[in-house]
Amino acid sequence: MKKIVQTAGREALAEFATEFAHYNDDILFGENWNNQDIDVKTRSIITVVALISSGITDSSLKFHLINAKNHGVSQKEIAAIITHVAFYAGWPKGWAAFNMAKEIWQVNEKDLPYEDAGKRAHAKEMVFEIGEPNDAFAQYFIGQSYLSVVSKELVTIFNVTFEPGCRNNWHIHKADQGGGQILICVAGRGYYQEEGKDAIEMKPGDVVNIPSGVKHWHGAASDEWFSHLAIEVPGVNGSNIWCEPVSDEEYEKVNKGEQK
């Protein structure tokens, strides 16, 4: 699970109320929200219910409604949650919460079926689908990857998604003429590395052009999901050569910022 980091307390109250800022950022969010005895989606729902029940319908509730959505709470779920709370906490509180929730969710907004909170949050960050488990190429990956076909006309484009820590083996795109691959990060954070060179961190919008014949690997950071479009550059007699896995030692050097 990606660690939750909060800085709002220090940004607003660093000088005025140092201890309160510390308790807010380091204890409430730093320790409590990162406790994994319950998942973040459940924790988000509990927080929303507690705020509505207390009659708090200001920016605090809006923040936690957005947080709930980012961790997989769908429009239908939040509607059912607020309705249920209204019976016990008061109908006016339900109305106030609905007026705010309508600014955050759209009616019948897509309800993603993923049970993993991190996967649901990642899927909501991008317009492309995560797709199905990449079982056909599983032998060339460490960890679970997913594949979704974006286009097979003119050029082949796949959306490839890596769970945290997942990476593919070293490999080479070969072609007698032309060929290669283009990677475009569309969500999350990951790495690309060519043999003998420093790894490149990839974030949404980053593009990597991989010429034919270059040995390389790519995959997710250890604490984040990662998705990129893989665009196959047309070439003559193109093929893909899979090589050895990226060892844990190699990966940890990249993940810790220790290059080559």
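Since this is a predicted model, take the numbers as computed values, not measurements.
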Visitor: Are His71 and His64 an aromatic pair by the rule of ring centers under 6.0 Å?
Guide: no

Visitor: Return the minimal non-hydrogen interatomic distance between Tyr251 and Gly165, and the atom names on each side.
Guide: OH-CA, 3.4 Å

Visitor: Nearest 0.5 Å, please: how far is CG in Leu229 from CD in Gln181?
Guide: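 If we round to the nearest 0.5 Å, Gln181:CD and Leu229:CG are 10.5 Å apart.
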
Visitor: Report yes or no: do Asn159 and Ser148 form a side-chain donor-acceptor pair below 3.5 Å?
Guide: no

Visitor: Describe, in one word, how the ring planes of Trp170 and Trp217 are oriented to each other, choosing from parallel (under 30°), tilted (30 to 60°) and perpendicular (over 60°).
Guide: perpendicular

Visitor: Just say parallel, tilted or perpendicular for the rings of Trp242 and His171, cut-offs at 30° and 60°.
Guide: tilted

Visitor: Is it true that Lys119 and Glu163 make a salt bridge, defined as a side-chain N closer than 4.0 Å to a carboxylate O?
Guide: no

Visitor: Given side chains that start at C-beta, do those of Val73 and Val48 come closer than 4.5 Å, heavy atoms only?
Guide: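 No, every pair of side-chain atoms sits at 4.5 Å or beyond.
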
Visitor: Which donor-acceptor pairs under 3.5 Å do side chains of residues 11-20 form with protein atoms, sequence neighbours excluded?
Guide:
| unit_1 | atom_1 | unit_2 | atom_2 | d |
| --- | --- | --- | --- | --- |
| Glu11 | OE2 | Thr7 | OG1 | 2.8 |
| Thr18 | OG1 | Ala14 | O | 2.8 |
| Glu19 | OE1 | Tyr23 | OH | 3.4 |

Visitor: Can you list the residues that meet the side-chain hydrogen bond (donor to acceptor under 3.5 Å, both in side chains) rule with Asp26, with sequence neighbours excluded?
Guide: Arg10, His22

Visitor: To check you understand the geometry: which heavy-atom pair defines the closest contact between Ala79 and Thr83, and what is its length?
Guide: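 Scanning both residues, the minimum pair turns out to be O-OG1, 2.7 Å.
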
Visitor: So if you build clusters from Ile, Leu, Val, Met, Phe, Trp, Tyr with side-chain heavy-atom gaps below 4.5 Å, do Ile157 and Val207 land together?
Guide: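 Same cluster: Ile157 reaches Val207 through Ile, Leu, Val, Met, Phe, Trp or Tyr contacts under 4.5 Å.
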
Visitor: Examine Phe98 and Phe87 and state if one hydrophobic cluster contains both, with Ile, Leu, Val, Met, Phe, Trp and Tyr joined whenever side-chain heavy atoms are less than 4.5 Å apart.
Guide: no

Visitor: Verify side chain to side chain contact (heavy atoms under 4.5 Å, CB included) between Asn168 and His218, making sure each step is shown before the conclusion.
Guide: CA-CA 6 Å; Asn168 51 30; His218 32 107; 3.2 Å; yes

Visitor: Would you say Ile142 ends up clustered with Tyr146 if hydrophobic residues are merged whenever their side chains have heavy atoms under 4.5 Å apart, either directly or through other cluster members?
Guide: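 The answer is no; the residues belong to distinct hydrophobic clusters.
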
Visitor: Of all the heavy-atom pairs spanning Ala68 and Ser44, show the shortest one and how long it is.
Guide: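 So the minimum-distance heavy-atom pair works out to CA-CB, 3.7 Å.
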
Visitor: Are Arg167 and Asp248 within salt-bridge range, i.e. N to O under 4.0 Å?
Guide: yes

Visitor: Using 30° and 60° as the class boundaries, would you call the ring planes of Phe162 and Phe141 parallel, tilted or perpendicular?
Guide: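 Tilted: the ring planes of Phe162 and Phe141 meet at 30° to 60°.
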
Visitor: Can you list everything that forms a side chain to side chain contact (heavy atoms under 4.5 Å, CB included) with Lys174? Sequence neighbours excluded, please.
Guide: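 Lys174 satisfies side chain to side chain contact (heavy atoms under 4.5 Å, CB included) with Ile172, Ser239, Ile241 once adjacent residues are dropped.
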
Visitor: What are the two closest heavy atoms between Lys197 and Gln193, and how far apart are they?
Guide: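 Heavy atoms of Lys197 and Gln193 come nearest at O-NE2, 3.0 Å.
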
Visitor: Would you call the rings of His84 and Tyr88 parallel, tilted or perpendicular if under 30° counts as parallel and over 60° as perpendicular?
Guide: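 The rings of His84 and Tyr88 sit tilted, inter-plane angle from 30° to 60°.
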
Visitor: Can you measure from CD (Glu194) to CD1 (Ile210) and round to the nearest 0.5 angstrom?
Guide: 7.5 Å

Visitor: Inspect the contact between Glu244 and Lys215 and indicate whether a charged nitrogen and a carboxylate oxygen are less than 4.0 angstrom apart.
Guide: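 So Lys215 pairs with Glu244 through a salt bridge.
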
Visitor: List the steps, then state whether side chain to side chain contact (heavy atoms under 4.5 Å, CB included) holds for Phe128 with Thr161.
Guide: CA-CA 10 Å; Phe128 302 101; Thr161 295; over 6 Å; no

